[in-house]
S.K.: 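Here's a structure for you.
Numbered from 1 within each chain, the chains take letters A, B, ... in sequence-line order.
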Amino acid sequence: MNGQSMNDVFFALADPTRREVIRRLSEGGPVTVSDLARQLPVTRQAVAKHLTTLAEAGLISAEREGRRTRYHLTPGPLAQAMGWMAEVGAEWDDRLLALHRHLRRGS
Amino acid sequence: MPDGREPAGRVAREIVLPASPEAVWESLTTPDQLSSWLGSRVELDARRGGLLRLEGGGAVRFGVVEALEPFEYLAFRWRPMVGSPDGPLLGPGTRVEFFLKPKEGGTHLQVVETMMPTASHTSAMASAGASR
């Protein structure tokens with residue numbers, strides 16, 4: 001995943017409504033815009049817009065079924081975003097340990 | 001954050017260091033000391049807008065000092081470019097912040113690395129906020 005697409009994923013996840021959509025998709029499987037609009041305190045239009053953002057980030061994908069479009073989670077990008085956080089965290093663990101050693105030597 | 005958004009791409013770590021905030025500050029802002037504990041060749045112009053250049057592991061990476069409050073706070077924008085400040089991006093741009101607080105003969109240091117929104121995201125957020 002390049003920097004831009006990682007950014008898209010985190011931008012998509014930075015909104016509480018979109019995180020709630022992700023949570024519902026992870027628990028209940030494919031849903032439609034109407035399903036989500038009934039469950040969430042936002043308009044159908046807003047739901048559609050959030051789904052577009054999530055889809056553009058690659059976090060969900062759409063599946064047409066006759067006249068209905070169902071959305072489901074695509075776990076790859078989410079796992080990669082979590083991987084980025086784990087990697088950056090591990091780098092800081094190492095650096096802070098090195099800084100601790102450096103300061104102990106210096107004192 | 002004011003509109004209820006929280007940065008999702010955020011990593012925070014903390015440690016208590018056996019040195020005064022002044023000594024920790026020196027370690028974070030002096031090129032020689034940075035080079036020593038980071039194990040990379042570091043160049044740093046430690047003032048607001050100053051460039052940070054880090055060479056190691058076959059890559060050159062760049063940062064820009066965004067804010068500094070001696071012995072308390074240091075922030076820089078991290079642009080992991082290859083070759084030059086205009087080179088190709090290695091990964092997402094981030095902000096790295098250091099918070100220093102004196103603690104029982106030592107220093108409590110917190111470091112927070114946050115993924116920075118790109119320009120398109122910033123304008124998308126602004127328009128989302130305006131239409132709410």
S.K.: Find the distance between OG1 (B/T94) and CH2 (A/W84) and round it off to the nearest 0.5 Å.
M.R.: 6.0 Å
S.K.: Are B/V112 and B/V11 linked, directly or through other ILVMFWY residues, by side chains that come within less than 4.5 angstrom of each other?
M.R.: no
S.K.: Just checking heavy atoms, which of residues 29-44 of chain B are less than 4.5 Å from chain A?
M.R.: B/Q33, B/S36, B/W37, B/L38
S.K.: Please determine whether the number of non-hydrogen atoms from other residues, nucleotides or ligands lying under 6.0 Å from atom CZ of A/R64 exceeds 12.
M.R.: yes
S.K.: Return the minimal non-hydrogen interatomic distance between B/R13 and A/L96, and the atom names on each side.
M.R.: CB-CD1, 3.8 Å
S.K.: Around atom CZ of B/R48, are there more than 12 heavy atoms from other residues, nucleotides or ligands closer than 6.0 Å?
M.R.: no
S.K.: Please name the pair of heavy atoms, one in B/L17 and one in A/H100, separated by the smallest distance, quoted to 0.1 Å.
M.R.: CD2-CA, 3.6 Å
S.K.: Would you say B/F99 ends up clustered with B/F76 if hydrophobic residues are merged whenever their side chains have heavy atoms under 4.5 Å apart, either directly or through other cluster members?
M.R.: no
S.K.: Using a cut-off of under 4.5 Å for heavy-atom pairs, which of B/I15, B/V96, B/L109 has the most such pairs with chain A?
M.R.: B/I15
S.K.: Identify the heavy atoms of A/M85 and B/R10 that sit nearest to each other, and give their distance.
M.R.: CE-O, 2.8 Å
S.K.: Quick one: list whatever passes side-chain contact (heavy atoms from CB on, under 4.5 Å) with A/A62, sequence neighbours left out.
M.R.: A/T69, A/Y71
S.K.: Minimum heavy-atom separation for A/L103 to B/S27, with atom names?
M.R.: CD2-OG, 3.2 Å
S.K.: With a 6.0 Å cut-off (strictly less than), is the heavy-atom count around CD of A/E27, excluding the residue itself, greater than 12?
M.R.: yes
